[in-house]
Asker: 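One structure, pasted below without further comment.
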Amino acid sequence: MSKTAFIFPGQGAQKAGMGKDFYEQSETAAQIFDKASELLDIDMKALCFEENDLLDQTEYTQAALVTTCLAMAKVLEERGLKPDVAAGLSLGEYCAIALAGGMSTEDAITTVRKRGILMQNAVPGGKGSMAAVLGMAAEEIEKVLSEIEGASIANYNCPGQIVITGWKESVEKASEALKAAGAKRVLPLNVSGPFHSPLLTEAGRELGKVLESVELHTLEFPYVTNVTAAYVTDISETKALLEQQVASSVRWQQSVENMIAAGVDTFVEVGPGKTLAGFMRKIDRNVKVYNVGSWEDVDKVVSELC
C-alpha cells in the first residue's frame with residue numbers, strides 16, 4: 001500500500017512572491033497570511049510577496065516560511081490530499097507538527113517568530129558561520145571535525161552534501177582541513193549565524209521557556225524529528241525535541257531513509273523551491289517526488305495522488 005509524506009523546506013527556500021498566488025486563489029490560505037500579520041504585527045503580505053531586505057533575516061524568514069508552507073499545505077488538505085507522515089528540515093519541522101495536529105497554526109507561526117529572534121541573537125554578528133561540504137562521506141567529515149574545536153555538523157542533507165557550523169575561525173580551519181582530506185568543494189554559506197551548533201544551546205533553553213506556554217495536542221499522524229530522525233507518535237516528546245533541535249544536527253538524510261524504510265514511496269515537497277527534491281534524488285531515486293510551490297502545482301498533484 002502506497003504511503004505519502006509531506007516534507008517542508010527550511011531556511012534558504014524563501015523568495016519574494018512566495019505564496020502570493022495561494023493568497024489570491026484560496027480563502028483558506030488568505031486567512032492564514034492575514035492571521036499571521038495580526039499575530040505578529042508584521043505585514044506578512046509585504047514580507048512574503050514583495051522584494052525586501054527582511055526576508056533573508058532569520059527573525060523574519062522563519063515566520064514567513066512557516067506561514068507560506070502551512071497555507072499551501074492546508075489548501076492540499078482541503079482538496080483531499082492528506083499525508084501518512086510529515087517532516088520538515090529545521091524550521092520546517094514546525095509545519096510538520098502543525099499539519100499533524102500537534103500544534104495550532106497560530107502557535108507554530110508565533111513560536112517560530114520567537115525562535116528566529118533567539119537564533120539571530122545567540123551569537124554576535126560575524127562570529128559564527130556555516131559551510132557546505134560537497135563530495136565527502138559523513139564519516140570522513142566527522143573524523144576531521146573531531147580534531148577541530150568549535151566546529152560540528154549542522155545538516156546531514158544527502159549523500160555528498162553536508163553542512164558544517166560553528167565559530168567563524170573554526171569553520172574556516174575545518175574547511176581547509178576538509179579540502180586537504182579530499183572534499184570536492186567547501187562553500188561558505190551566506191547565513192547570519194552558526195545554526196544547529198552547540199553555540200545555540202542557550203537559545204534552545206530560552207526556546208524551551210517559550211514552549212512551556214504552547215498547548216500541544218494529540219497527533220493525528222506521526223512526524224519525524226530532526227534530532228534523532230525517528231518517528232514521533234507521542235506529542236509529550238515534542239517540546240524537549242524542539243528545544244534540542246536548535247543546537248543539534250539536522251538528520252535529514254536519515255529522516256528520509258527512515259520514512260522510506262517505513263513504507264513511504266511518495267514525497268510531496270510543500271513550499272517554495274525544490275531543495276528537498278534535489279536531496280531526494282541523491283538519497284533514493286526510486287521514490288516519487290512532487291513539488292507544490294505554486295497554485296498551478298495543486299491541481300496536478302491532487303489529480304495524481306487523490
Side-chain angles (χ1 to χ4, degrees), residues 8-18 36 40-44 46-48 50-69 88-95 108-134 145 148 150-157 161-175 186-208 210 226 242-250 252 271-273 275-276:
F8 298 94
Q11 195 159 329
Q14 70 274 9
K15 59 181 181 180
M18 63 182 188
L40 304 180
D41 196 23
I42 293 172
D43 186 342
M44 196 57 73
L47 179 61
C48 294
E50 299 168 12
E51 291 286 348
N52 62 84
D53 295 331
L54 298 180
L55 195 55
D56 290 330
Q57 294 179 26
T58 299
E59 65 167 287
Y60 293 99
T61 308
Q62 299 202 17
L65 257 179
V66 167
T67 299
T68 300
C69 292
L89 192 151
S90 189
L91 70 97
E93 188 166 314
Y94 285 79
C95 298
I109 291 167
T110 55
T111 304
V112 296
R113 166 69 173 154
K114 292 169 184 171
R115 178 182 184 266
I117 293 169
L118 289 168
M119 290 174 69
Q120 180 90 39
N121 297 331
V123 174
K127 296 291 187 181
S129 69
M130 301 175 75
V133 184
L134 306 181
L145 294 185
I148 299 172
S152 57
I153 290 179
N155 294 52
Y156 294 85
N157 285 335
Q161 188 186 126
I162 282 178
V163 176
I164 62 172
T165 183
W167 294 115
K168 189 171 187 288
E169 295 82 0
S170 300
V171 170
E172 288 170 354
K173 184 178 177 183
S175 297
V186 182
L187 306 173
L189 298 181
N190 182 24
V191 293
S192 54
F195 305 133
H196 295 290
S197 85
L199 304 181
L200 268 68
T201 300
E202 181 56 35
R205 277 196 284 266
E206 291 300 314
L207 178 63
V210 171
N226 291 176
L242 290 176
E243 179 179 330
Q244 290 175 57
Q245 190 226 45
V246 171
S248 298
S249 302
V250 174
W252 185 253
T275 301
L276 301 182

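These figures come from a predicted structure and were not determined experimentally.
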Asker: Can you check whether Arg115 reaches Tyr94 side chain to side chain, under 4.5 Å on heavy atoms?
Answerer: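 A side-chain contact under 4.5 Å exists here.
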Asker: Indicate the atoms forming the closest heavy-atom contact of Ser192 with Thr58, along with that distance.
Answerer: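 Heavy atoms only, the tightest pair is OG-OG1, 2.9 Å.
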Asker: Does the Thr165 side chain pair with the main chain of Phe195, one donor and one acceptor, at a distance under 3.5 Å?
Answerer: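 Yes: the side chain of Thr165 pairs with the backbone of Phe195.
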Asker: Quick check: does any side chain N or O of His196 sit under 3.5 Å from a backbone N or O of Gln245, one acting as donor and the other as acceptor?
Answerer: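 Checking the backbone N and O of Gln245 against the side chain of His196, a donor-acceptor pair under 3.5 Å is found.
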Asker: Give the minimum heavy-atom separation between Leu242 and Leu207, together with the two atoms involved.
Answerer: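 Minimum heavy-atom separation between Leu242 and Leu207: O-CD2, 3.7 Å.
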Asker: To the nearest 0.5 Å, what is the distance between CD (Gln120) and CD (Glu59)?
Answerer: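 CD of Glu59 is found 5.5 Å from CD of Gln120.
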Asker: Hey, is the main chain of Gly12 close enough, under 3.5 Å, to the side chain of Gln14 for a donor-acceptor pair?
Answerer: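 Present.
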Asker: Are the side chains of Thr275 and Pro9 in touch, meaning some heavy atoms are under 4.5 Å apart?
Answerer: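 Counting from C-beta outward, Thr275 and Pro9 never come under 4.5 Å.
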Asker: Would you say that Arg113 contacts Tyr60 through its side chain, given a criterion of any heavy-atom pair below 4.5 Å between the two side chains?
Answerer: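 Heavy-atom side-chain distance check passes, below 4.5 Å.
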Asker: Given 3.5 Å as the limit, does a donor-acceptor pair link the side chain of Thr61 with the main chain of Leu55, or not?
Answerer: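 Indeed, once roles are kept as given, a pair shorter than 3.5 Å links the two residues.
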Asker: Give me the atom names and distance for the closest heavy-atom approach of Gly271 to Cys69.
Answerer: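 Heavy-atom minimum between the residues: CA-SG, 3.8 Å.
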Asker: Is a side-chain N or O of Thr201 found less than 3.5 angstrom from the main chain of Ala247, in a donor-acceptor match?
Answerer: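 Judged by distance alone, no pair lies under 3.5 Å.
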Asker: Hey, are Lys168 and Glu172 close enough for a salt bridge, meaning a charged N less than 4.0 Å from a carboxylate O?
Answerer: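 Yes, Lys168 and Glu172 are salt-bridged.
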Asker: Can you list the residues that meet the side chain to side chain contact (heavy atoms under 4.5 Å, CB included) rule with Pro188, with sequence neighbours excluded?
Answerer: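 Side chain to side chain contact (heavy atoms under 4.5 Å, CB included) list for Pro188, sorted by chain: empty.
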Asker: Which atom names give the shortest non-hydrogen contact between Gly88 and Trp252, and what distance separates them?
Answerer: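 Heavy atoms only, the tightest pair is C-CZ3, 3.4 Å.
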Asker: For residues 195-208, which residue pairs qualify under salt bridge (Lys or Arg N to Asp or Glu O under 4.0 Å), counting only residues two or more places apart or in two chains?
Answerer: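 Qualifying pairs: Glu202-Arg205, Glu206-Lys209.
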Asker: First locate atom CZ of Phe8, then atom OG1 of Thr68, and finally report the distance between them rounded to the nearest 0.5 Å.
Answerer: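 OG1 of Thr68 is found 12.0 Å from CZ of Phe8.
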Asker: Drop me the distance from Asn157's CG to Leu134's CG, to the nearest 0.5 angstrom.
Answerer: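 These two atoms lie 10.0 Å from each other.
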Asker: Rounded to the nearest 0.5 Å, what separates atom SG in Cys95 from atom CG in Leu89?
Answerer: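 Between atom SG of Cys95 and atom CG of Leu89 there are 11.5 Å.
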Asker: Please check this pair: side chain of Glu93 against backbone of Asn226, looking for a donor-acceptor N/O pair closer than 3.5 Å.
Answerer: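 Yes; at least one donor-acceptor contact below 3.5 Å.
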Asker: Measuring from atom CG of Leu47 to atom CD of Gln57, what distance do you get when rounded to the nearest 0.5 angstrom?
Answerer: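 Between Leu47 CG and Gln57 CD, I get 9.5 Å after rounding to 0.5 Å.
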Asker: Specify the closest pair of heavy atoms between Glu50 and Asn52, including all atoms of both residues, with the distance to one decimal.
Answerer: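 In this case the closest contact between Glu50 and Asn52 is O-ND2, 2.6 Å.
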Asker: Over all heavy atoms of both residues, which pair between Ala13 and Leu65 is shortest? Give the atoms and the distance, please.
Answerer: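 Smallest heavy-atom distance, with atoms named: CB-CD2, 4.4 Å.
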Asker: Hey, could you give me the OG/NZ distance between Ser170 and Lys127, rounded to the nearest 0.5 Å?
Answerer: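 Interatomic distance, Ser170 OG to Lys127 NZ, rounded to 0.5 Å: 12.0 Å.
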Asker: Side chains of Gln11 and Ser90: is there a donor and an acceptor less than 3.5 Å apart?
Answerer: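 Checked: Gln11/Ser90 side chains show no N/O donor-acceptor pair below 3.5 Å.
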